Amino acid sequence: MNKYRRKSLQDIIEHLEELKGSLEGLQAEEEECRDNMPENLQGSEKYERADEAVDQLGDAISSLEDAISSVEAATE
């Protein structure tokens, strides 16, 4: 792989890392919102939606980590 393509891949890795950080921040906010719901809302549809959002964001973060690893491997 030449220097130009390696640099392009490194730029992509940096963008993916930024996106991952943004998702982690949103996931933390949603977790905090879910965890601070009053007891009478725990188990409610609103709580379940927040819980599902946290899980889905976790899946998205994991997918980005996999993508980052794959792109890094391509640069070697």
Side-chain angles (χ1 to χ4, degrees):
M1 179 171 298
N2 70 22
K3 185 177 179 178
Y4 173 77
R5 285 190 294 274
R6 191 171 282 118
K7 170 68 172 120
S8 294
L9 289 175
Q10 189 57 44
D11 290 344
I12 290 170
I13 290 169
E14 289 173 17
H15 289 300
L16 291 172
E17 290 283 358
E18 288 175 24
L19 291 171
K20 180 179 158 240
S22 295
L23 285 175
E24 288 170 336
L26 290 170
Q27 182 187 37
E29 287 177 27
E30 191 66 20
E31 276 182 310
E32 184 177 341
C33 179
R34 179 200 62 196
D35 293 345
N36 289 322
M37 281 189 191
E39 282 187 39
N40 64 332
L41 288 179
Q42 293 179 5
S44 70
E45 184 179 334
K46 183 176 181 177
Y47 182 89
E48 294 301 321
R49 283 193 315 259
D51 194 49
E52 180 65 21
V54 169
D55 289 344
Q56 293 297 323
L57 288 169
D59 290 346
I61 291 165
S62 180
S63 294
L64 280 175
E65 289 170 345
D66 291 344
I68 291 166
S69 293
S70 295
V71 175
E72 286 174 339
T75 64
E76 295 174 359

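Note that these values count all heavy atoms, side chains included, but never hydrogens, waters or copies made by symmetry. Here the structure is a predicted model, which is why all the values come from computation and not from measurement. Positions are given from 1, in the same order as the sequence printed here.
When all heavy atoms are compared, the tightest approach of Gln56 to Glu52 is NE2-OE2, 2.7 Å. Taking all atoms of both residues into account, the shortest heavy-atom contact from Met37 to Ala50 is CE-CB, 4.0 Å. Minimum heavy-atom separation, Gln27 to Ile61: OE1-CD1, 3.3 Å.
The NE2 atom of His15 sits 13.5 Å away from the CG atom of Leu64 when rounded to the nearest 0.5 Å. In this structure, CD on Glu29 lies 5.5 Å from CG on Leu26, to the nearest 0.5 angstrom. Rounding to the nearest 0.5 Å places CZ of Arg6 at 9.5 Å from CD of Glu76. The line from CD of Gln42 to CG of Asp35 is 8.5 Å long, rounded to the nearest 0.5 Å.
Taking the side chain as every heavy atom from C-beta outward, Asn36 and Glu32 approach each other to under 4.5 Å.
Both Leu57 and Ile68 are members of a single hydrophobic cluster when ILVMFWY side chains are connected at heavy-atom separations under 4.5 Å. Under the 4.5 Å side-chain heavy-atom criterion for ILVMFWY residues, a single connected hydrophobic cluster contains both Met1 and Leu16. If you chain together hydrophobic residues whose side chains sit under 4.5 Å apart, Ile12 and Leu23 fall into the same group.
Salt bridge status for Arg34 with Glu30: absent, with no side-chain N to carboxylate O gap under 4.0 Å.
In this structure a side-chain-to-backbone donor-acceptor pair under 3.5 Å is present from Ser8 to Tyr4. At distances below 3.5 Å, not a single donor-acceptor pair connects side-chain atoms of Ser44 with backbone N or O atoms of Asn40.
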